Each structure stands twice: as C-alpha cells, then as structure tokens.
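Please read the structure below before turning to the comments.
Read the numbers this way: they start at 1 and go in the same order the structure lists the ligands and their atoms. Counting begins at 1 with the first residue of the sequence. From a predicted model like this one, the values you see are computed outputs, not experimental measurements.
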Amino acid sequence: MKKIILLGYMGCGKSTIAQNLSKITNIPFLDLDNCIEERAKKSINSIFEEHGEIYFRKLEHEMFLELLQSSQNCIIGLGGGTPCYANNHELLQSDDVVSVYLKASIETLYNRLVRNKSKRPLIANMNEDEMKEFIAKHLFDRSYYYNHAQHKVSVDNKTVDETVQDILNILA
Ligand SMILES: Nc1ncnc2c1ncn2[C@@H]1O[C@H](COP(=O)(O)OP(=O)(O)O)[C@@H](O)[C@H]1O
Ligand SMILES: O=C(O)C1=C[C@@H](OP(=O)(O)O)[C@@H](O)[C@H](O)C1
Ligand SMILES: [Mg+2]
C-alpha cells in the first residue's frame, strides 16, 4: 500500500484531517511536526527561536525522508512549508505515495489561523492586518510547490468528515 501524504498551507487542516482519516482507515497517522518535536525534544517554536528556520528546514527534510523510507504504512501530515524547501516537492510525485493538496482560500486560512497562531512561529507575532497580507502573498509563492501534489481537494466550507470522504474517494 502507498503512503498517503497530506499537504497545504498552515491551517488548511493537514493534522486534523490526517488524524480523522487514520481513525476511519485504521492506517497509522504521523504528523511531521510532531515527529520533529519528538526527535529534537523541543517544540517547533523553540526550534525556530533557538536555532532559526534554516535549521528547522534541515530537520524537516531529514525527517520527511526518514518517514518515506520506513516500511510502515502510514498517513503523513506535512508541515505547511515542507514541500517548499530542499526539493521536497519532487518527493510528492513518487510512485509509492499518494499526495493530496488540501486547498483552502485565503479567507478560510485567515479565519482558522487568526484563532490559532501561537504555535506557528511564522505568524505568531503578527496583528490581524499583517496576517491577512502575509497569508495572501505567502500562499501565492507556495502554490507552485503545492501544485506538485498528485491530487487536490478543496476544503473551503467543508466539514472534516466531508474532506475525509473526498480523500477516501481518491483512494478508492
Ligand atoms: N472543516 C475543517 N477541516 C479541518 N480543520 C478545521 C475545519 N474546521 C475548523 N477546523 C480547525 O482548523 C484548524 C486546522 O488546523 P490543523 O489541523 O492544525 O491544520 P494544519 O496542520 O494544516 O496547519 C484546527 O483548529 C481545526 O479544528
Ligand atoms: O508553513 C510553515 O512553514 C510551517 C508550518 C507549520 O505546520 P502546520 O502547517 O501544520 O501549521 C510548522 O511546520 C512550522 O510552523 C512551519
Ligand atoms: Mg499541522
């Protein structure tokens, strides 16, 4: 069976959807950020604060490769930036994975992230206006990488269950 990879911008629901998809399919779920935190024995915030983003991207790339190389069947929820560094986007197209881009509008992302930014160092210190502008520009820059996914699911105005069902349809 192929590994299932969920990708997309911060707040699109990778971690939430991967967890729910795992419950329904009984395929184990691994969140790349959680794996990095366990390995580093530090939170994502502390890694950024103490070592900087470049160091985080190195850990992220190494951990992504490690998860892909393991023989375990799994659903992997990436971090929002994972496909955008170290040529990780090329790995989204390999034959032994099914990669799914959870595509959300700027508005959906903003509405979710505005309530939920403290654990996301890239936006934690922004005010609401700064955040909206940042998301719009950043999403535009990152879309090139996200579009390397094999499949795309729109998540706007969908419940968790509806998005999970869309992914099950892709896997069927
Ligand atoms: N329909 C939905 N699908 C996914 N997440 C949703 C939905 N509605 C609200 N949320 C909330 O949006 C946030 C998504 O965060 P998360 O799953 O951590 O995303 P990511 O891992 O992509 O950054 C969570 O707080 C989740 O509860
Ligand atoms: O978009 C990004 O560059 C990041 C997204 C985060 O993951 P989520 O997308 O799960 O929030 C986490 O990996 C880190 O804060 C950097
Ligand atoms: Mg996440």
Provide the number and element of each atom of ligand 1 under 4.0 Å from a heavy atom of [X].
X	value
Cys12	22 (O)
Lys158	1 (N), 2 (C)
Val160	1 (N), 2 (C), 3 (N), 4 (C)

Protein contact to [atom] [nearest heavy atom, distance to 0.1 Å]:
atom	result
atom 21 (O) of ligand 1	Ser15 OG, 2.8 Å
atom 15 (O) of ligand 2	Pro121 CD, 3.5 Å
atom 11 (O) of ligand 2	Arg120 NE, 2.8 Å
atom 14 (C) of ligand 2	Ile44 CG2, 3.9 Å
atom 1 (O) of ligand 2	Arg142 NH1, 2.7 Å
atom 2 (C) of ligand 2	Gly81 N, 3.3 Å
atom 27 (O) of ligand 1	Thr16 OG1, 4.3 Å

For Met10 and Leu113, which heavy atoms make the closest approach, and how far apart are they? O-CD1, 3.3 Å
Could you tell me which non-hydrogen atom of Leu78 sits nearest to which non-hydrogen atom of Pro83, and how far apart they are? CD1-CG, 4.2 Å
Please determine whether any non-hydrogen atom of [X] lies less than 4.0 Å from an atom of ligand 1.
X	value
Gly11	yes
Asn116	yes
Val155	no
Glu162	no
Gly77	no

Residue [X] vicinity, atoms of ligand 2 by number, heavy atom under 4.0 Å:
X	answer
Leu122	2 (C), 3 (O)
Gly79	7 (O), 9 (O), 13 (O)
Lys14	8 (P), 9 (O), 10 (O)

The Mg ion (ligand 3) to nearest N/O/S of Thr16 less than 2.8 Å: no
Begin with the C-alpha distance, continue with both residues' side-chain angles, and end with the deciding distance and a verdict on salt bridge (Lys or Arg N to Asp or Glu O under 4.0 Å) for Glu37 and Lys42. CA-CA 5 Å; Glu37 287 179 329; Lys42 279 177 190 167; over 6 Å; no
Heavy-atom contacts under 4.0 Å between Thr159 and ligand 1: side chain, backbone, both, or neither? backbone
Within a radius of less than 6.0 Å around [atom1] of [X], do more than 12 heavy atoms belonging to other residues, nucleotides or ligands occur?
X	atom1	value
Glu162	CD	yes
Lys3	NZ	yes
Asp141	CG	yes
Glu130	CD	yes

Given the options Asn20, Ile17, Ile24, Ile167 meets side chain to side chain contact (heavy atoms under 4.5 Å, CB included) only with Ile17
Have a look at [options] and point out the one with the heavy atom closest to [atom].
atom	options	result
atom 7 (C) of ligand 1	Lys14, Arg120, Arg112	Arg112
atom 6 (C) of ligand 2	Leu32, Leu6, Asp33, Asn45	Asp33
atom 3 (O) of ligand 2	Lys119, Arg57, Glu60	Arg57

Check the angle between the aromatic planes of Phe134 and His138 and answer parallel, tilted or perpendicular using the 30° and 60° thresholds. tilted
Which of parallel (below 30°), tilted (30 to 60°) and perpendicular (above 60°) describes His89 and Tyr145? perpendicular
Determine whether the side chain, the backbone, both or neither of Asp31 has a heavy atom under 4.0 Å from any heavy atom of ligand 2. neither
Pairs of nitrogen or oxygen atoms closer than 3.5 Å, one from Gly11 and one from ligand 2: do any exist? no
Within the structure, does Tyr9 bring an N/O atom to less than 3.5 angstrom of an N/O atom in ligand 2? no
Using a 3.5 Å cut-off on N or O atoms only, is Met10 in polar contact with ligand 1? no
When rounded to the nearest 0.5 Å, the distance separating CD of Glu133 from OH of Tyr110 is 12.5 Å
Judged by atom type as modelled, is there a donor-acceptor pair below 3.5 Å linking the side chain of Glu50 to the main-chain atoms of Asn45? no
If we ignore hydrogens and angles and just use 3.5 Å, is the side chain of Ser99 paired with the main-chain N or O of Leu92 as donor and acceptor? yes
Candidates Asp166, Thr108, Thr163 - the one meeting side chain to side chain donor-acceptor pair (under 3.5 Å) with Lys158: Asp166
Taking the side chain as every heavy atom from C-beta outward, state whether Tyr9 and Leu102 have any atom pair closer than 4.5 Å. no
Taking the cut-offs as 6.0 angstrom to the six-membered ring centre and 45 degrees off its axis, would you call Lys152 and Tyr101 a cation-pi pair? no
